[in-house]
Amino acid sequence: MHAKSLDSLCIYYLWRFKSNEAMEYDFRKIEKEWREFWAENKTFKAEDFSDKPKYYVLDMFPYPSGAGLHVGHPLGYIASDIFARYKRLQGYNVLHPMGYDSFGLPAEQYAIQTGQHPEKTTKENIARYRGQMDKIGFSFDWDREVRTSSPEYYKWTQWIFKQLFDCWYDKDADKAARIAELVATFEAQGNANVNAEHDFEGTFTAEEWKAMSEKEQSSVLMSYRLTYLADSWVNWCPALGTVLANDEVVNGVSERGGHPVEQKLMRQWSMRIKAYAERLLTGLETIDWTDSIKDQQRNWIGKSQGASVRFKVDFDSAQSTDHEIEVFTTRPDTIFGVSFMVLAPEHPLVDQITTEEFAADVAEYKRQASLKSERDRQSDVKNITGQNTGAFAVHPFTGEKVQIWIGDYVLASYGTGAVMAVPCGDQRDWDFAKHFGIEIINIFEDIDISEGAYAEKDAMIANSDFLNGLPAKKAIKTAIHEIEKRGFGKGKTQYRLRDAVFSRQRYWGEPFPVYYKDEVPHLVPDEDLPITLPEVDKYLPTEDGEPPLARADKSAWNYQKGDRMEFNTMPGWAGSSWYFLRYMDPDNQSEFVAKEKVDYWQNVDLYIGGSEHATGHLLYARFWTKFLYDLGYIPFEEPFQKMINQGMILGRSSIIYRVSIDMKVDEKRVDSGSQLKPVFVSLRRKDSFTKEDYIRYLSKHYNDYPFSTDMLIGEIDFTPIHVDISFVENDVLDTEACRHWRPEFAYAIFAPEDDGKFLCGHEVEKMSKSKYNVQTPDDLCDDFGADTLRMYEMFLGPLEQSKPWDTKGINGVHNFLRKLWRLFHDKNNEVSLDEGTPSKDALKTLHKTIKKVGDDLERFSFNTGVSNFMICVNELTDQKCNNKHILEQLTILISPYAPHIAEELWVRLGNQAGTISYAKFPEFNEEHLVESSHEYPISFNGKMRFKLEFPLDMSKDQIEKEVLANENAQKWLEGKDPKKVIVVPGKIVNVVI
RNA sequence: GCGGGUGUGGUGAAAUUGGUAGACACGCUAGACUUAGGAUCUAGUGCCGCGAGGCGUGGGGGUUCGACUCCCUCCACCCGCACCA
């Protein structure tokens, strides 16, 4: 419109005014008014206690980044909002909150670059997010908003940390218990009979315990606490200056930024999540998540069952004696197939058992292995390396001596860092044995292992003493039984899940409620929480490599006991592991959540978010939930009962094609083709575009220069170039806008289609700034309205599927809402309703829609819901229906999807403002759909040929007779007798010829 | 390699228990009303064929009166895991 003259503007508005177009469905006015109404009246405030049943709908809360929301973010929020509104209509007391996961790296990186406090940028970003979300008309109860970075919130994150510190895992009771209980046990009987998840080595008596100093006792207890300080191998990312959790490292580089990660031994806080491995696994069976996410978690936890077996190191061969190598195996049934042992190069026994003869080689191998990064070791799988130690182990059953090797295919960090090698049953062992010429013993009956190992569990065991003739499954049990009986091992379950590192060397995160006295950590008492973030001069590590918090003066902290505070901060997942609980009671000053409130609200009924948090947030939140359950603070063990993972919305980039060909021209004029005005060719002309065409276009724009095809060298090629999608509509490029966009297009020559339009190609890819394909919801809200955006995002396809964003269809949805509006209004945009009895047809349309839309909501099929509304409005328009009863019901039905227009129409129908959100969801009455006859599709050999209408109460025989008598049927029978006629009453007739 | 998912017109898709494949929408074609349009209405639009008709849900096979739907097998793409003993 900006390009139009003043004159034309006047005519434009005159026309709009005259035709009343401007007054029709004025979404800008309607949506603004209703949003204000909802905010003022707190329409969506959830009551903490109610006679109504509760329903908790939660979205994964966003990290408020500087880029704002793009159209992919609201997809899940819209779906959950529709569902929340639906549940309100069904009479539920709905908890539907929103907040911000506002601690995190990007704000801190920005702070480092600009010196601005991350709190400032975080607040600005939150304001932007809030503004964007408000535009879409979500029914959030904003009074419950939480921000993980606010001290009122992280006070309780710190408090939960303290509870974890104050607990240990009692394996007998299979739950967390207070440390005081453990101390009492130690005082009474030492640690010998304590069955705990721990990493304390050795035993002590009650007397020995009592004799320990406070520092010694503290150190022992650390090995039992559910969060503990320990020197552990961590993923250190030098570029980010911090450690990362396993789930934050992907293929050996950091998930954020892709920086290299190395292993480093550091004193860090860790979470003893291992204690919950089994419950995290079994709990999956009680929740309604996708198999994909459950499998990812199962995989991450990595349970394997088998036996741990101790092999004695042979007395004569080893340098020192009395050593045992403990291995874990899932196939104890193959123990007679062991022909060597392999230790990880880092295994602590390596140096002690290596013979003099091999010492130099072993040292060299270890050195080389240590140089390889985790990543190299992972990618270099095919290259078989290893080194004999010269030592031998004694086979516990046969007493035979087997060689002990080291090899980097054995991981120090899994199991015991040592394996018993069974080359006949394990391909890696087989490869290793072949490569180094070690004996391969076959212990399977009638199995050929000359070409490779046999890893299946369906063979009979042979050559194995007491296991002979047993199938694998039985043999495993028998072997474990025998191993335990003879006392050199026992059945064991091993988990791949590691304890989670909980310290980050960053500024913008929760401070620990911990201070140190003589390097012994102490907890800050509850009454002094929260420990707030101190001010620092820079957000960088100190010169000594201490975390940024070490820059803070003692006086800058709001707590000053001991020698110093903890300088690390908590990781991003700390705050997000329990935020769903705080929404229930966001302002509570004395508890993280009141017991009565969590007893009422219980866990999240429906959780919607991306699947990318499968092994991070979703696992940690389950862990903390189980822990809080163990302590009796909350009444459930799983935080998120049902989860839906929305698909990613991909961008649709627009691409134009630049002619690329070398050209020889007069040096005075231009040196090469690249300095000529670029020529862009419309999509459909691309394939037929010739050198002559190119020359023609050039000549037209350089009147005075004699171009000819002789100057062209080689063949014409096209370079695809991304253009900003804001200049493109329905793949047609606004070439003038494009010229003004960037200098390189200013003098471009565009070769359009025959109709003068310039068509772009397109590419479906992730939305990104550099591809000029980012769509923000803001523009669409302004242009079409929030209701259109909401319905369109749903209309795009199934929620779980990832799909390209394409605004082409948005007009269709917008027009649908206009059509809906017209049902209620006459030509002058006055409300016009028939208050009489609805027609049979209208009732049928309505109830068909009630049924379908209701079913669609129940199975989260939001896209078909929109289609059904369209069908309904199309039918009612055809029927010229403006019946008040029908339209009122339809308005309620559509209100979860398009709440603004529904509110407006609701009032126009004569109802009280704001009451539609708590109206009653229309009840389906089958009576209106009852038909007396059915139009039967008549098929021949399964192919539908024509239709015939018969009464529904007509008998099968009668229908068969009628069908065969029909002249149309005679044609298809071609005079033959049908072999069989299938009549399915109310469905179909199939004639078999 | 293992696990999960997807595959249907020019496009996004629908088909809920095996029963009319392509609803709904975009786009496109023709027309009406208009004539500076993000408007409305009518008709058409899976492919091949003038037509009768034939073909058609990634490919091949099977079960069935009847298969997008169930079974076997192969292929392509996406996601996750990957020396886990």
Side-chain angles (χ1 to χ4, degrees), chain A residues 4-5 7-9 11-12 15-16 19 21 24 250 290-296 298-300 302 304 306 327-331 342 377-378 380-382 384 407-411 413-422 425-429 431-432 494-496 611-612 614-615 647-648 729-731 783-784 792 795-798 800-804 806-816 818-819 822 852 855-856 858-859 861 863-864 866-871 874 935-947 978-982 984 986-993:
Chain A
K4 288 170 188 150
S5 68
D7 235 22
S8 63
L9 267 178
I11 294 166
Y12 178 67
W15 164 78
R16 298 247 302 189
S19 65
E21 282 292 318
E24 209 186 70
V250 178
T290 61
D291 288 339
S292 161
I293 298 261
K294 286 188 184 183
D295 280 349
Q296 282 181 54
R298 284 192 192 106
N299 207 301
W300 191 258
S304 40
V327 299
F328 175 73
T329 175
T330 55
R331 294 293 302 273
V342 188
R377 268 167 85 159
Q378 270 176 26
D380 199 16
V381 174
K382 275 158 227 142
I384 298 162
D408 68 4
Y409 83 91
V410 176
L411 304 173
S413 53
Y414 183 73
T416 59
V419 300
M420 57 175 225
V422 183
D426 184 288
Q427 193 57 44
R428 292 155 303 169
D429 296 346
D431 292 340
F432 195 89
Q494 182 82 35
Y495 300 93
R496 193 156 69 211
S611 54
E612 66 272 20
T615 50
M648 207 192 338
E729 201 175 326
N730 292 335
D731 285 342
D783 290 351
F784 296 97
Y792 185 58
F795 189 58
L796 236 37
E800 296 94 328
Q801 251 171 50
S802 53
K803 53 220 148 196
D806 188 344
T807 50
K808 254 200 240 158
I810 200 164
N811 272 318
V813 174
H814 188 67
N815 288 339
F816 154 74
R818 295 166 49 100
K819 212 167 169 181
R822 281 201 299 273
K852 292 208 164 186
D855 287 353
D856 288 341
E858 287 300 329
R859 62 196 176 101
S861 177
N863 55 325
T864 51
V866 178
S867 297
N868 284 317
F869 284 123
M870 289 174 169
I871 293 167
N874 287 348
E935 195 178 32
Y936 284 87
I938 313 297
S939 39
F940 291 77
N941 287 341
K943 286 211 188 312
M944 202 278 289
R945 296 303 179 183
F946 56 92
K947 292 175 188 172
K979 279 191 192 136
K980 205 173 177 185
V981 179
I982 316 273
V984 185
K987 290 254 173 178
I988 198 171
V989 177
N990 189 19
V991 183
V992 186
I993 311 169

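These numbers were taken from a predicted model, which means no experiment stands behind them. Atom set for the values below is all heavy atoms of this structure, side chains included, hydrogens, waters and symmetry mates excluded. Lettering follows sequence order; numbering is per chain, from 1.
- Between the P atoms of B:rG58 and B:rU16, the separation comes to 16 Å (whole Å).
- Using a 4.0 Å heavy-atom cutoff across all strands shown, A:Lys294 reaches no nucleic acid atom at all.
- Each of A:Asn941 and A:Lys819 has a nearest nucleotide on RNA chain B; the 5'-most of these lies closest to A:Lys819.
- A donor-acceptor contact under 3.5 angstrom links the side chains of A:Asn874 and A:Lys819, judged on distance only.
- One atom, CG of A:Asp295, and another, C1' of B:rA82, lie 15 Å apart when rounded to the nearest Å.
- Annotation: the span from A:Tyr792 atom OH to A:Lys808 atom NZ amounts to 9.0 Å, rounded to 0.5 Å.
- As a whole-Å value, the separation of A:His814 NE2 from B:rU40 C1' is 14 Å.
- A:Asp408 contributes atom CG, which lies 11.0 Å from atom CD1 of A:Ile384 (distance to the nearest 0.5 angstrom).
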Checklist entry - Taking it one step at a time, do A:Asn941 and A:Val992 satisfy side-chain contact (heavy atoms from CB on, under 4.5 Å)? => result CA-CA 5 Å; A:Asn941 287 341; A:Val992 186; 3.8 Å; yes

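- OP1 or OP2 of B:rG4 has not a single side-chain nitrogen or oxygen of A:Thr290 nearer than 4.0 Å.
- Checked by atom type and distance alone, the side chain of A:Ser939 pairs as donor or acceptor with a backbone atom of A:Val989 at under 3.5 Å.
- Between A:Asn874 and the phosphate of B:rA25, there is a side-chain N or O to OP1/OP2 separation shorter than 4.0 Å.
- Classified by interplanar angle (parallel below 30°, tilted 30° to 60°, perpendicular above 60°), the ring pair A:Phe940/A:Phe946 is tilted.
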Item to check | Derivation and outcome, salt bridge (charged side-chain N to carboxylate O under 4.0 Å, His left out), residues A:Arg298 and A:Asp295 | outcome: CA-CA 5 Å; A:Arg298 284 192 192 106; A:Asp295 280 349; 2.9 Å; yes

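- Counting distance only, with no hydrogens placed and no angle test, the side-chain atoms of A:Asn299 and the base atoms of B:rC81 include no donor-acceptor pair under 3.5 Å.
- Nucleic acid contact class of A:Asp426 (heavy atoms, under 4.0 Å, all strands): none.
- No donor-acceptor pair under 3.5 Å is formed between the side chain of A:Thr807 and the backbone N or O of A:Ile810.
- Of the residues near RNA chain B, A:Asn815 and A:Tyr414, the one whose nearest nucleotide (by heavy atom distance) lies more toward the 5' end is A:Asn815.
- Residue contacts shown for A:Ile982 include a base, since a base heavy atom lies under 4.0 Å away.
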Checklist entry - Does the side-chain contact (heavy atoms from CB on, under 4.5 Å) test come out yes or no for A:Gln801 and A:Asn863, once each step is laid out? => result CA-CA 11 Å; A:Gln801 251 171 50; A:Asn863 55 325; over 6 Å; no

Checklist entry - Once Watson-Crick and G-U wobble pairs under 3.5 Å are found, how is RNA chain B written in dot-bracket notation, 5' to 3', with | for any base paired to another strand? => result (((((((..(((......[....)))((((((.......))))))(((....)))..(((((..]....))))))))))))....

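- If you check every strand for non-hydrogen atoms under 4.0 Å, A:Asp429 touches nothing.
- Within 4.0 Å (heavy atoms only), A:Val984 reaches at least one base atom of the nucleic acid.
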Checklist entry - Reading nucleotides 5-18 of chain B 5' to 3', which nucleotides get B (base under 4.0 Å from a protein heavy atom), which S (sugar-phosphate only), which -? => result -------BSSSB--

